Participant: 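One structure follows; several queries about it will come next.
Counting starts at 1 for both ligands and their atoms, following the listed order. Computed from a predicted structure; not experimentally measured. Start at 1 with the first residue, then count along the sequence.
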Amino acid sequence: MPELPEVETTRRGLHPLAVGRRVVATRIYDRRLRWPVPAALEKNLDGRTIDAIDRRSKYLLFRVGPDTLLLHLGMTGSLRAFTSAPPRMAHDHFDIVLDSGVTLRYRDPRRFGALLWLRPPADAHPLLASLGPEPFDPACDAAYLWGATRRRTAAIKLALMDNRLVVGVGNIYANESLFRAGIRPTIAAGRLTKPRFSRLLVAVRETLADAIAKGGSTLRDYVDSRGEPGYFQLDYYVYGREGLPCRICGTAIKSVRQGGRATTYCPRCQH
Ligand SMILES: [Zn+2]
């Protein structure tokens with residue numbers, strides 16, 4: 001599943017190709033994404049100039065004058081750029097053709113992605129309005145996380161993955177960040193001290209920044225690449241390493257279920 005680093009890498013890859021460009025044609029081949037692609041989308045988008053591409057959580061926001069084209073990659077979506085678009089394949093659901101001749105093509109085998117048209121103010125849209133701060137936002141500091149989790153009995157890992165507290169920390173990055181911070185994923189968020197939130201926030205930012213940096217190395221293949229943009233294979237400390245020795249202390253990594261997802265941690269390094 002594309003997580004924040006993959007979405008941010010997509011944004012950075014698109015930026016030089018699409019910002020300042022006019023859309024000359026929008027071709028929707030299959031409107032059945034997570035929500036139906038709005039019938040008027042082509043009419044709204046064609047002839048308009050993309051002024052900026054922002055990211056909020058895992059949403060890509062193409063700013064078009066006062067309006068916003070929202071794209072979410074869902075579970076299996078990817079947006080790639082072609083200077084000469086090859087024939088459309090199965091699972092290619094729409095093309096956006098720019099005045100430079102570049103075609104942005106969306107592929108999504110499972111069709112959990114979304115393409116929506118937002119009138120201003122975009123931030124008030126239900127998908128965006130309830131989102132917590134970005135992890136790199138200076139306002140998202142240890143004092144904020146500590147204050148927002150007092151009296152919360154939910155486990156810290158589940159709190160960290162709750163988009164209302166902070167956005168963009170998916171399962172992989174929650175597991176890895178908690179390891180780096182030395183925090184047991186199952187302890188109640190409300191019991192975590194402010195200094196430990198401070199260490200956790202540093203770990204979240206470092207883990208995401210490492211993945212984004214890794215993604216940067218895939219950008220050179222962004223244009224005209226037919227390959228699937230893969231997941232960034234980091235050298236994970238705990239994710240997917242159940243039963244293997246901890247890279248720090250050698251203890252076997254344990255796995256438990258939390259909120260239907262696998263949590264992996266080192267019983268010795270994390271407490
Ligand atoms: Zn360990």
Participant: Below the 2.8 Å mark, what number of protein N, O or S atoms do you get around the Zn ion (ligand 1)?
Facilitator: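 Step by step: take the Zn ion (ligand 1), keep protein N, O, S below 2.8 Å, and you get 4.
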Participant: Would you kindly say whether Arg119 and Asn44 are connected by a side-chain donor-acceptor distance under 3.5 Å?
Facilitator: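 Checked: Arg119/Asn44 side chains pair up, N/O donor to acceptor below 3.5 Å.
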Participant: Is it the case that the side chains of Asp95 and Tyr29 hold a donor-acceptor pair, with the cut-off being a distance below 3.5 Å and no angle test?
Facilitator: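 Yes - a donor-acceptor pair under 3.5 Å links their side chains.
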Participant: Distance only, no hydrogens: is a donor on one side chain within 3.5 Å (strictly under) of an acceptor on the other, for Thr49 and Arg22?
Facilitator: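 Result is no, nothing qualifies.
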Participant: When you compare the side chains of Gln258 and Thr263, does any donor N or O come within less than 3.5 Å of an acceptor on the partner?
Facilitator: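 The answer is yes; a qualifying pair exists.
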Participant: Are Glu134 and Arg56 close enough for a salt bridge, meaning some N to O gap below 4.0 Å?
Facilitator: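 Yes.
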Participant: Under a 4.5 Å cut-off applied to non-hydrogen side-chain atoms, are Asn171 and Met161 in contact?
Facilitator: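 A side-chain contact exists here, since the closest heavy-atom pair is under 4.5 Å.
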